[in-house]
Structure formats: C-alpha cells, structure tokens
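A quick write-up on the structure given underneath.
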Amino acid sequence: MSSVGCSEPKVQPLCSNCSFDVAAGHLQGERQSAVCFCRNMGSSSSDMKTVPNSQELMEETGFSAAHLFRLYERFEFLDKDNKGHLRPEDFEAVQELSTNPIRDRIIGSFFPPGQETADFPTFVRILAHFRPTEKSRTRGDQPEPANSSTGKLKFAFQLYDQDRDGKISKDELLQVLRAMLEMQVTEEQLQSMAERAIQEADLDKDKAISFEEFRKTLEKVDTDQKMSSRFMK
Amino acid sequence: MELFFNPFDNLLCILLGISFTVWFTLLLVFIIVPAIFGVSFGIRRLYMKTLLKIFEWATLRIERGAKEKNHHLYKPYSNAIIAKEPTSLEEEIKEIRRSGSNKDLDSATEFEMSDIFYFARRGVESIMDDEVTKRFTAEELESWNLLTRSNNNFQYISLRLTVLWWLGLLIRYGFLLPLRVTLAFTGVSLLVFLTSLIGLLPNGRLKNFLSEKVHLMCYRICVRALTAIITYHDSENKPKNGGICVANHTSPIDVIILASDGCYAMVGQIHGGLMGVIQRSMVKACPHVWFERSEVKDRHLVAKRLSDHVQDKSKLPILIFPEGTCINNTSVMMFKKGSFDIGATVYPVAIKYDPRFGDAFWNSSKFGMVNYLLHMMSSWAIVCSVWYLPPMSREEGEDAVQFANRVKAAIARKGGLVDLLWDGGLKREKVKDTFKEEQQKLYSKMLVGTQEDRSRS
C-alpha cells in the first residue's frame, strides 16, 4: 500500500533545547534535526508594536521582549471577551488552576482590594514575582524589584494576610490550612497546627505573625529558588 | 448594430455551453465514477506531492528573507514560556523544608509556613501556561502552507512569494471551492435520494447490499468533495457486525472518513434542518441509532438501545467518539465510559491528520459549522491516516473506566498522539472538585502521616 506523508507514526522527538516535542511535519533538507524554533525568540519590532507600554514594562519587571509578548498573548487568551482587562472569572479558563487548593487566593493577588479588574501591566507585575532572582540591581532610590527575595516573600505573605493589615492572625492561618486540607483532617488537628506555627514564628508574642517575623522564620528556606519558575531563553 | 452583436452573443453562448459540458464530463469521469466503484486514479496523491514541494520552497524562502532583513521569525506556541517541574507534591515540599531547617526530617513537625510556596508557584505557573488549553487551539505549523490563517509572519518578503500566494488564493477560492461545493451538493443529495428509494424495498439481503453500496458511494463522493487523501492501515482489523468502533475525535469530518471505508451504524442526536433530513433518510435504508433530544439525558435508555443494537448480529457495527468533543489532534483526552460498559467487543481506530495541508480541527467555540466547512473546502487538501487496531474486550476484574483508559492508551500510541488524563469536557465545564481533593489528600497524607509517626514514637 503506498503511503505518502505521515505514514508511520513517529515517536515525537524532543527538542534538545527546550525539551518540548517538536511539532509535526518536518521539511526535507536542513530542517531534519529535531530542534524546534525556541531559539528564535529574538525581539522583532513588528511584534512589539502590539504590546502596550512594552519598554516600561520590560524595565520595570525585567521580562525580555519575547517573554512579554508571550505573556501578552496569554493575557489576550484569558481575556475572552476582549475587554482589555481581566476579571476573576477569566481565570477559570485555566483548568490546572482549579486543582490548586489556594486558587482563590492566587487569583485574588491579581486584584488589589477595591479593584475588580486587572489590566496587562498589573498581570505582568504579579507574574514578575516568579522570575529568577538576579544579582542586586538596586540602585539606591529604585523600589525593590518584584523578583527579589523580599518581593517573593511579600507575595507569599499577602497570600496568608488576606485583610492586608500587615499581620497574619491565627484566624487567617486557620483559613489557609482549611483551604489546603479541608476534609482530610479534623478541626482539632487544624487548630493545633495553627497554634504551633504561630508559637514558632511569633517573636514579640502578639499572637500574630508580622512580615518581619515571617521573614525571620523563613530565613533559611531557599526562597529564591523555590519561588521562581524556570523561564525559557 | 444589432447584427454586429448577435454572432458575438452566439459565440459566447456556445463557448459557455461547451465549457459546462466539458466541466461536467470531467467531473463525472474523474470523480464520480471512481467514487462509485471505489477506485482511484492517483491524481490526489500527485497533487499532494506537488503541493509539498511548493510549501517547502515557500518556507525556505520566508526564512531566508527574514534572515536578510534581520527580523526574527516568531513561532507562537511552538514552545512554552516556562518549564514545569515534573516533581510530585511530596518531593517538592520536602525539598523546601529540607533547605529551610537543619532538623532531621523524620521528626520534622507538621505544617510549615513555607509549604505555601509550592502551591503558589504551581498556581502562578499554570496561569502563565497550561497543558489543557494548549490542546484546544489549533496546532501550530513549522512550515507555511500558503494559507494566511496559519501564518503569523506574513509580511512582504519577495515578489515571487507574493505572486505564489495570490495564485494559491485564486486557485483555492476560484477553482477548488466551487468544484468542492458542487461535489458536496451532489454527494449529499444522492445520499438522501437513493437511501429514501432503498427504504421502499422490503427488508432483506438485497436491501442491505444496496444500502451498503449507496452509503459507500456517497461518502466517497463527499471525501472527494473535501479532497481528502486518506491512508488506511491494517484493514484486516476492520470492525465487524456486533461490535463497537471507537475513534478519537478531531472534527465532524471524522465520520465521513471512516464511513467511506466501511459501513457503520451511526449514533447521535436528531437535529433539525438539513442534518435532520439526512439522518432521517439514512435510517430508512439501514438501522442507525438516532436519539431524540430528550432521550439523550437518560443514560439507561441510551445504554439499552446501544446494547440491543449490538446484540443483533445482522446490524452494522456502531461508530462512537467517546471523547465527546473535538480535540486538536495532538492528544487524546479522557474517554467517557458509557460505550465501554455495554460489554461488546471494541474496535479502536486512530485518526491522525497531517496539518501541513489544512487544519481539520473544529474549534466550536471560535467557529460555527458553516464557517468551518468553508475553511475546510478552501484548504488545499485534508490528509490523514487511519489505523485500525486489533479488537479489545473488557477483561476480568476490569471496570469500564479502566477498560476505556486502556483503549485510549492504545489509540494514542498508534496515532502518535499524547495520552492525556484530562477530560475533554473541561473545555466547556469547570473541573470537578475531585481533582482539588486529590491535591488536598496528597498534602494531608504528608502532614498527618508525620503526626502519626510522632504519636507512635
């Protein structure tokens, strides 16, 4: 039987650069090697013209032009009715997010209190927290970059501290524990976990954890690595 | 002055008449007659080879042009923005804790404040990029197939390329599209007309024989109406009477592709309009399983009708698409277990489209049916491969879900598709809470587990 084109199913080769499988359909000749085009993510002026405020955002967040463009595509994808901004409901399109126990808090971090919409700069600024930490870029009067250790810790802190009063109360801690464990443990176990955690971290004995105490408790944890995502070149 | 125009008019009429006759004769000889007898001249394959050569040239030209002008080619979605760690929840949280404390892990305490790092990072990563939604957008191509809809780099590169593109446009919309529409029209109307005729015959061998021939012929005409170039593999495993044929679903065309190579009983909901007319006339010639809208919700009724049909060995094998929705042909999603519960032999079929010639995926949230058909008919061709896999039956001690997963894995492997656990229904609905519970269970096992150890020691 003559078979032309994709006759035998190829085991999808993995790109040696980014470890994702190469798209179907190879050309003859120079493109035979199993490398996808991930290295071609250079900046192109014709692409950047569609991303608003790209220069400022790049400087502020440290994202490269290519990454910013990808995030903009992602933003437009989530913004299904083309409103130009995101609402909490738009995040429901992300299926994997729904399995996350603290989903609501993560979505909430995109919407500061009082705000119901998130525009693209806000979107990118939050995501910038997960960029890998760079060697100190601070130039005196510049604000702390989002992806520094402090920035990452602040992000984690506000996941606990929902009322934004600067302290994690026992109640707030209980709420997080409840979200992460729900049906799996008893109320007593939850209470004891919360008690213990506060006892350990609370240095000034005010029954709540301030940001400094939070930072102190976690000073040995490798925040830089654990709160960073691996971005492709 | 009138005298001057008359011979001209006549000439025009004659010319038109001749071209129509030639057109229809060609149509008949090259397309309809082979369809009736199931033979092929090989024209479509020659067409395909030529097109491939042209595409290669076009892509290389674009890349060369882009290099000259120092633009970087942008390949959207050909890779992800981040690399996700494949480590499990337990490993990661232990890692975080290990780095944070000097204490021996066995006597490690329960909840740590840093545990939230894991969930936060995973959550934000999935916002930046996630597996499931990638499967529902059309697969991106490396080479450009002269359709602007699949190329984001379209800018002026060279005169030859632009001319080629315009030529392509002309051919596709001016020549191929009308040809295909005519064929489709012929095919469908023949189907309706002939099956209604056959319906008048008494039930018996003659009726079955004729119905088979008619169905095959009309589907073959439809296949040519789409210029579908199909390669069938392992035809010895073709589904037999009393079995259920399951296949992965990419577009409504899947039905035509499978049905032009064998006779199946279709399963589906009765629609109104043209679809309904076709369905009603088809069922006159041979028994298909059509449900009213109200009956679709009643699972028991559906299962009963299907098993009744399957047990009657004289009836054709049922064709079912268990994914329930159209996936973009890079992966196979979770199969609904209903069809695997019935207990009949299952004949899996894998369908893989070659995206170089035209994307067959129907993104029903983006395009309507008419729009989709128009896209299909104005693409170059639809090239796909069909693999018939050996029949499978439910084994001892296996429940419907496990059986469904086994079949799914076989189809994914054969077609070179990724076997995903996610439910295709997620495209429209929200994830059930069971998935969230799983994460919670994993986490609590870690914590409560250590607590029990402590209380014991």
Side-chain angles (χ1 to χ4, degrees), chain A residues 3-7 9-10 12 18-20 23-25 27-28 36-38 40 42 44 46-47 67 70-71 73-74 91-103 106 127 130 156 159 176-177 180-182 184-185 193 196-197 201 214 217-218 220-222 226-227 229-232, chain B residues 45 48-49 56 59 71-76 78-83 96 99-101 109-111 113-114 116-117 119-128 130-133 139-143 155 231 352 354-356 383 385 414-416 422 426 430-431 435-436 439-441 443-444 448:
Chain A
S3 38
V4 195
C6 288
S7 53
K10 306 182 187 59
Q12 298 288 2
C18 70
S19 315
F20 276 77
L27 294 179
Q28 309 281 335
C36 72
F37 291 93
C38 54
N40 277 344
S44 157
S46 59
D47 293 331
H67 287 158
R70 288 303 297 274
L71 290 176
E73 277 190 342
R74 186 75 178 155
F91 286 94
E92 280 166 15
V94 184
Q95 320 291 7
E96 279 176 29
L97 194 59
S98 309
T99 68
N100 198 309
I102 53 167
R103 163 185 176 268
I106 296 177
L127 295 181
F130 286 83
L159 286 177
V176 174
L177 281 169
M180 295 210 273
L181 294 165
E182 216 162 321
Q184 313 300 332
V185 295
M193 282 189 222
R196 199 199 49 77
F214 185 68
T217 314
L218 297 175
K220 295 216 191 74
V221 176
D222 187 1
K226 294 305 168 189
M227 284 279 276
S229 301
R230 257 173 53 197
F231 280 88
M232 306 297 196
Chain B
R45 294 205 186 264
M48 195 170 93
K49 283 201 191 105
E56 269 182 46
T59 313
H71 285 158
H72 280 271
L73 281 182
Y74 188 69
K75 309 263 182 198
S78 60
N79 66 297
I81 186 172
I82 46 179
I96 300 178
S99 68
S101 72
T109 43
E110 306 137 4
F111 166 72
M113 299 288 281
S114 57
I116 207 173
F117 284 4
F119 292 109
R121 209 193 77 222
R122 282 299 243 244
V124 172
E125 280 183 350
S126 61
I127 291 181
M128 286 201 261
D130 79 319
E131 270 300 316
V132 174
T133 23
E139 193 185 354
E140 300 288 340
L141 288 180
E142 268 185 31
S143 79
Q155 7 175 321
T231 316
K352 175 79 172 138
D354 188 346
R356 288 178 292 181
V383 180
S385 291
K414 197 66 174 178
W422 289 99
L426 289 182
K430 288 191 259 189
V431 179
F435 283 115
K436 184 158 87 156
Q439 287 270 302
Q440 290 169 333
K441 277 202 192 112
Y443 184 53
S444 72
V448 176

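Chain naming here is simple, since letters A, B, ... match the order of the sequence lines and numbering starts at 1 in each.
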Do the side chain of B:Arg121 and the main chain of A:Phe130 share a donor and acceptor less than 3.5 angstrom apart?
no
Hey, could you give me the CD1/CD distance between A:Ile106 and B:Glu125, rounded to the nearest 0.5 Å?
10.5 Å
Student check: side-chain heavy atoms of B:Phe117 and A:Leu218 closer than 4.5 Å
yes
Rounded to the nearest 0.5 Å, how far does OG of B:Ser126 lie from CZ of A:Arg103?
10.0 Å
Starting from the C-alpha separation in whole Å, work towards a yes-or-no answer on side-chain contact (heavy atoms from CB on, under 4.5 Å) for A:Ser229 and B:Met128.
CA-CA 10 Å; A:Ser229 301; B:Met128 286 201 261; 4.0 Å; yes
Can you name the nearest heavy-atom pair linking A:Leu159 to B:Ala120, along with the distance?
CD1-CB, 3.6 Å
Please give me the minimum heavy-atom distance between B:Gly123 and A:Leu97, naming the atom from each residue.
O-CD1, 3.5 Å
